[in-house]
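Below: the structure, in structure tokens.
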Number of protein chains: 2
Amino acid sequence: MANNLGLSIDRSSPVPLYHQVVQGIEAAIYSGVLEPGSRLDNEIDLAAQLNLSRPTMRKAMDELVRSGLLVRKRGVGTQVVSSQVRRPLELSSLYDDLTNNGKKPTTDVLSFAHLEADEATLATLQLPAGSKVYHFTRLRKVGGKPLALMENWVRDDIADMDEAMLAAEGLYSILRRGGVNFRLATQRIGAMTANEYQASMLEAAEGSALVTMERTAVDDTGRRVETGHHVYRADSYSFEMTLVQR
Amino acid sequence: MANNLGLSIDRSSPVPLYHQVVQGIEAAIYSGVLEPGSRLDNEIDLAAQLNLSRPTMRKAMDELVRSGLLVRKRGVGTQVVSSQVRRPLELSSLYDDLTNNGKKPTTDVLSFAHLEADEATLATLQLPAGSKVYHFTRLRKVGGKPLALMENWVRDDIADMDEAMLAAEGLYSILRRGGVNFRLATQRIGAMTANEYQASMLEAAEGSALVTMERTAVDDTGRRVETGHHVYRADSYSFEMTLVQR
DNA sequence: AAAGTCCTAATGTCAGCACAAATAAATTTC
DNA sequence: GAAATTTATTTGTGCTGACATTAGGACTTT
């Protein structure tokens, strides 16, 4: 059972010990050192092997269980979960997702305005009457092929932005650079058929299937930063996610 | 700052102390006792007020932060997050979702068979060649109106099932009664347009928009229990979820 | 008055200990 | 030989204690 998963801990590193363990075990799983279904040593032994306390070890394993990589059973032990488990849906933008997968997305900014928010937007972003917001629509392409038509409203007291910035990078990286730390987002995914405008922009047939997403993102101070309404070509995009039972 | 959130701890209860705190604070938030944006007392005081240790209090708050109800800031304090935050997408069945919302769903079992799995199903459920599975299609209605058309494959070594059971209750409650503890599921949500068969079953127009979902569920022993392919009327159903940044 | 420095309060991390509860295997008993 | 009981193992829960890190306000100095 000498489950030597070749990971070492750097106590002088600024990254917390439990997080080093999380990363180490994650790497061991993804690299195949830890095979799906294999049992880990018990918490106490593992902690001793790494010269850590049991609570620290446990905190690391807690995170791995939460993210669905490990499964614990009292009185039995801890196992690596089956396999092929995709990473859960992250709080990131489409642009990030695509670049992370090695794609080269491009963005056409179809419209851009800095104006007073309408009532619905004020309510959604919880802004006082008379507030101004950025409003813009973008068309995202991958390999020259249209993928998504996106309409967004962003509060204007966080980061300055203009058409050129939106054409060059993703909305979320602009906001992050402006100091926004995203905490959570609520989103709704549904479907619709393409109307004439959507069809022409996405170079799809009128009446073809589209995936719709509405999202509102909240930062770590509780501010509602951004809301958007996106549609994707159903033949090119779908949302994949992992749900973990708690 | 006497933040008396009228919650009491029952040390003789079998439910863990930290979980009692989670439930108590959740209730305080949902009932409005804790208003969005309000600051909580610091961890140490809160722990003292409830006669708990700080780690126990912290574990409770950890969960609330993870689920997006609270926001912590080092050196500052802990706040109730803005508001109106929906609960995250749970690992549950459509049937559960509907009944929890006070609806009265009915199920028509369109086909039911206990047969040898085809190759794709064997691979998806990671079963040895020659294994048998249950295969069935169901039509779910709410208030007499068709909502979803569902096709599922279930391994047969867990629970016995027949048409009558499927007509009377949800798949997940049958499986849970059979001793399955679900741990995680991977699912993919997309869109398509209704073909002739789907349109007639769902009483929708041919070519109307449908939300599609494919899901595979894994239990706590790592077994792949169930896989399904569902379509929903887009005008009646969409997936709402909360993403939490980690 | 503006800038920089110090201090305080709060969360973040980590250690060590103790006992409870569930599971599975080994043992005993009938 | 089979069933019931005990025992060992492993995770689950909870406590005490300590120090680090960060944010923000108060204070001092220029």
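- Remark: B/Arg58 is not in phosphate contact with D/dT16, judged by side-chain N or O atoms under 4.0 Å from OP1 or OP2.
- Identified under the side-chain hydrogen bond (donor to acceptor under 3.5 Å, both in side chains) test for residues 70-80 of chain B, with sequence neighbours left out: B/Asp62-B/Arg72.
- For B/Gln20, there are no side chain to side chain donor-acceptor pair (under 3.5 Å) partners at least two apart in sequence or on another chain.
- Less than 4.0 Å separates DNA chain D from at least one heavy atom of each of the following residues of residues 15-23 of chain B: B/Pro16, B/Leu17, B/Tyr18.
- A donor-acceptor contact under 3.5 Å is formed by the side chain of A/Arg54 with the base of D/dG12.
- Contact annotation: A/Thr56 side-chain N/O to C/dT13 OP1/OP2 distance is not under 4.0 Å.
- Partners of B/Tyr134 according to the ring-ring contact (aromatic ring centres under 6.0 Å, His included) rule, which considers only residues two or more places apart in sequence or in another chain, are B/Phe112, B/His114.
- Every side chain to side chain donor-acceptor pair (under 3.5 Å) that A/Thr227 has, sequence neighbours left out, goes to A/Thr216.
- The distance from atom CZ of A/Arg74 to atom P of C/dA22 is 5 Å, rounded to the nearest whole Å.
- The pair A/Glu214-A/Arg188 does not meet the salt-bridge criterion, since no charged nitrogen lies less than 4.0 angstrom from a carboxylate oxygen.
- Here the side chain of B/Ser53 is nearest to one of D/dG14, C/dT11, C/dC14, namely D/dG14.
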Under 3.5 Å, sequence neighbours excluded: what are the donor-acceptor pairs made by side chains of residues 9-17 of chain A?
from, atom 1, to, atom 2, distance (Å)
A/Asp10, OD1, A/Ser12, N, 2.9
A/Asp10, OD1, A/Ser12, OG, 2.8
A/Asp10, OD1, A/Ser13, N, 3.4
A/Arg11, NH1, A/Asn51, O, 3.2
A/Ser13, OG, A/Val15, N, 3.0

Can you give me the N/O atom pairs linking the protein to nucleotides 5-9 of chain C at distances under 3.5 Å, or say none if there are none?
none

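- When the side chain to side chain donor-acceptor pair (under 3.5 Å) test is applied to A/Glu151, the partners found at least two apart in sequence or on another chain are A/His135.
- In this structure, the CD1 atom of A/Ile44 is 13 Å from the C1' atom of D/dA8, given to the nearest Å.
- B/Ser131 is linked by a side chain to side chain donor-acceptor pair (under 3.5 Å) to nothing, counting only residues two or more places apart in sequence or in another chain.
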